[in-house]
Asks: 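Before I ask anything, let me first share the structure, which is written out below as C-alpha cells.
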Amino acid sequence: MRIGLCLSGGGAKGSYQAGVIKSLYDRGVNKFASISGTSIGAINGYFVFTGNVEKLEDMWINIEENSENNIKIVNNVVDNSKLIEILDELDNNSKENPKFYVNYVNINNKQIKEEVKDISIVDKLKAMDYIKYSSLLPFNPKGALNLRDQFIKDVNENLYEGCNLDGGLVRNTLIEPLINDSLDKIIIISTRQDYTIPDDIKLKIDENKLEVVRPKTILTSQDTLKFNKEFCEKMFKEGYDIGKTLNINN
C-alpha cells in the first residue's frame with residue numbers, strides 16, 4: 001500500500017503530531033511514498049523523511065524546561081535557527097526515498113505568493129532553506145492585532161518585503177501535492193480538533209482515501225509558542241495514544 005503523510009502547522013502543537021508519528025512507527029506504519037509538511041509539520045516531516053523518528057521523539061520529550069522563555073524575535077520573526085541546526089545534523093537513514101513537499105510564502109511588491117517545493121530533489125542546503133522558510137513565523141512585537149490581520153497590515157507597510165515566511169499563513173495543511181502521487185491512503189495529522197476536509201479537496205480525491213487524525217485536546221493559538229516540557233510531553237503522549245487506535249495497515 002502506498003501511504004502519504006500530511007503534517008499541518010501549529011508550533012508547539014507539533015508535539016502531539018510527533019506522538020502520532022512515533023506511535024505509527026512503533027506499529028510498523030513507517031513507509032511513506034510521499035510526505036508534506038507546513039511550518040512545524042515541515043520540521044517534523046524532515047525527521048520522517050530522513051528516517052530519524054527516534055530523534056524526533058527525543059527532541060519533543062526532552063525539550064528544555066525554559067525553552068518557552070528563550071523564544072527570540074529577530075527581525076520581526078520567531079527565530080527558528082535552533083530547530084534548523086537540529087535538522088542539519090541529521091543523517092539521512094531512510095531507505096524509502098519518499099517525496100517531501102513543503103510550502104512557504106514569498107512577499108514581493110506587497111503580494112503574498114505561495115511556493116511549494118519538493119525537498120527530495122534538492123541538495124541539503126536548499127532543503128534546510130525551504131524548511132526554514134516554511135517554519136519562519138512572523139511576529140511584530142509592536143503589533144496589536146491577531147497574527148493574520150497583523151501580518152497583512154505589516155505586508156502592506158513593507159515590513160516583510162522580500163521575505164520568505166511560514167507556509168501556514170496561506171495553507172496550513174498541504175494536501176494537494178499528495179493527491180497527484182497515486183497514493184492508496186493519505187494520513188493527515190492536523191493540530192486542530194475541529195479540522196475538516198476542505199470542499200475543494202473532496203472534489204479531487206475519494207474521501208475514503210483520507211485518514212484525518214485530530215487531537216482530543218482543544219488547542220488554541222495561545223499554544224503555538226508553548227514550547228515547555230510539561231505541555232510538549234503531555235501532547236506527545238496524547239498523540240501517541242491516539243496513534244495506537246488508528247485502523248491503518250501498511
Asks: Measure across Met235 and Ser15 and return the closest heavy-atom pair with its distance rounded to 0.1 Å.
Replies: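 Shortest heavy-atom contact: CB-OG, 3.3 Å.
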
Asks: Which heavy atom of Trp60 sits nearest to which heavy atom of Ala18, and what is that distance?
Replies: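 Reported closest heavy-atom pair: CD1-CB, 3.3 Å.
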
Asks: Enter the distance from Ile40:CD1 to Leu83:CG here, rounded to the nearest 0.5 Å.
Replies: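 Nearest 0.5 Å value for the CD1-CG distance: 5.5 Å.
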
Asks: Can you check whether Asn140's main-chain N or O pairs, donor with acceptor, with Asn76's side chain at less than 3.5 Å?
Replies: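 Pair absent, no side-chain N/O of Asn76 close to backbone of Asn140.
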
Asks: Between the main-chain N or O of Ser182 and the side-chain N or O of Arg2, is there a donor-acceptor pair closer than 3.5 Å?
Replies: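 The answer is yes, because a donor-acceptor pair under 3.5 Å joins these two groups.
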
Asks: Looking at Glu115 and Lys113, does any basic side-chain N land under 4.0 Å from a carboxylate oxygen?
Replies: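 Between Lys113 and Glu115 there is a salt bridge, with a charged N closer than 4.0 Å to a carboxylate O.
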
Asks: Using a 6.0 Å cut-off, check whether atom CG of Asn75 has over 12 heavy atoms from anything other than its own residue.
Replies: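 At most 12 heavy atoms, drawn from other residues, nucleotides or ligands, come within 6.0 Å of this atom.
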
Asks: For a quick check under 3.5 Å, do Asp26 and Tyr240 share a side-chain donor-acceptor pair by atom type?
Replies: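 There is such a pair between these side chains.
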
Asks: In Å and rounded to the nearest 0.5 Å, what is the CD to OG distance from Glu57 to Ser23?
Replies: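 Reported to 0.5 Å precision, the distance equals 10.5 Å.
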
Asks: For Lys237 and Asp241, run salt bridge (charged side-chain N to carboxylate O under 4.0 Å, His left out): C-alpha distance rounded to whole Å, both residues' side-chain angles, the deciding distance at 0.1 Å, then the answer.
Replies: CA-CA 6 Å; Lys237 184 179 186 306; Asp241 289 342; 2.9 Å; yes

Asks: Does Lys110 come within less than 4.0 Å of Glu157, counting only side-chain N to carboxylate O?
Replies: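 Result for this pair is no, no salt bridge flagged.
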
Asks: Asp154 and Gln150: side-chain donor and acceptor closer than 3.5 Å?
Replies: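 Yes, because at least one side-chain N or O of Asp154 sits under 3.5 Å from a partner of the opposite role on Gln150.
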
Asks: Tell me whether Asn44 contacts the main-chain N or O of Gly14 through its side chain, where contact means a donor paired with an acceptor under 3.5 Å.
Replies: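 Present.
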
Asks: Are any of the side-chain heavy atoms of Asn228 and Ile63 separated by less than 4.5 Å?
Replies: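 With C-beta onward as the side chain, the pair stays apart.
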
Asks: Measure across Ile84 and Ser135 and return the closest heavy-atom pair with its distance rounded to 0.1 Å.
Replies: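 Closest pair (atom of Ile84, atom of Ser135, distance): CD1-OG, 4.4 Å.
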
Asks: Is Lys229 reaching over with its side chain to a backbone N or O of Ile61, donor-acceptor style, under 3.5 angstrom?
Replies: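 Side chain of Lys229 to backbone of Ile61: a pair is present.
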
Asks: Using only heavy-atom distances, determine whether the side chains of Asn92 and Ser94 contain a donor-acceptor pair under 3.5 Å.
Replies: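 Result is no, nothing qualifies.
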
Asks: Could you walk me through whether Gln17 and Val20 satisfy the side chain to side chain contact (heavy atoms under 4.5 Å, CB included) test, starting with their C-alpha distance in whole Å, then the side-chain angles of each, then the deciding distance to 0.1 Å, before giving a yes or no?
Replies: CA-CA 5 Å; Gln17 192 176 78; Val20 178; 5.9 Å; no

Asks: Between Tyr16 and Arg214, is there a donor-acceptor pair closer than 3.5 Å when you use the side chain of the first and the backbone of the second?
Replies: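 The answer is yes, because a donor-acceptor pair under 3.5 Å joins these two groups.
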
Asks: Is it the case that the side chains of Tyr101 and Asp181 hold a donor-acceptor pair, with the cut-off being a distance below 3.5 Å and no angle test?
Replies: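 The answer is yes; a qualifying pair exists.
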
Asks: Is any NZ, NE, NH1 or NH2 atom of the basic residue among Lys126 and Asp123 found under 4.0 Å from an Asp or Glu carboxylate oxygen of the other?
Replies: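 Salt bridge: no.
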
Asks: I need the single residue from Thr50, Asp88, Asp129, Leu87 that forms a side-chain contact (heavy atoms from CB on, under 4.5 Å) with Lys124. Which is it?
Replies: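 Testing Lys124 for a side-chain contact (heavy atoms from CB on, under 4.5 Å) against Thr50, Asp88, Asp129, Leu87 leaves exactly one candidate, Asp88.
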
Asks: Kindly compute the distance separating CG (Leu178) from NZ (Lys185), expressed to the nearest 0.5 Å.
Replies: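 If we round to the nearest 0.5 Å, Leu178:CG and Lys185:NZ are 14.0 Å apart.
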
Asks: Pick from Ile107, Asn156, Leu137: which one makes a side-chain contact (heavy atoms from CB on, under 4.5 Å) with Phe151?
Replies: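 Among the candidates, only Ile107 passes.
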
Asks: What I want to check is whether the side chains of Ser39 and Asp166 have a donor and an acceptor closer together than 3.5 Å.
Replies: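 Short answer, yes.
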
Asks: Would a 4.5 Å heavy-atom cut-off, applied to side chains only, mark Ile205 and Ile186 as touching?
Replies: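 SC-SC contact between Ile205 and Ile186 confirmed.
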
Asks: Check this for me: Lys22, atom NZ, are more than 12 non-hydrogen atoms of other residues, nucleotides or ligands nearer than 6.0 Å?
Replies: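 Atom NZ in Lys22 is packed in, count exceeds 12.
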
Asks: Assess, by modelled atom type and distance only, whether the side chains of Thr38 and Asn172 contain a donor and an acceptor separated by less than 3.5 Å.
Replies: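 Short answer, no.
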
Asks: Do you know the tightest heavy-atom contact between Leu147 and Pro138?
Replies: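 Leu147 and Pro138 have their closest heavy atoms at CD1-O, 3.3 Å.
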
Asks: Run the side chain to side chain contact (heavy atoms under 4.5 Å, CB included) check on Ser36 and Val102 step by step: do they pass?
Replies: CA-CA 6 Å; Ser36 69; Val102 303; over 6 Å; no

Asks: Please check if any side-chain donor atom of Glu238 sits under 3.5 Å from a side-chain acceptor atom of Thr217, or the reverse.
Replies: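 Judged by distance alone, the side chains do pair up.
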
Asks: Val105 versus Asn164: any side-chain heavy-atom pair under 4.5 Å?
Replies: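 Heavy-atom side-chain distance check fails, nothing below 4.5 Å.
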
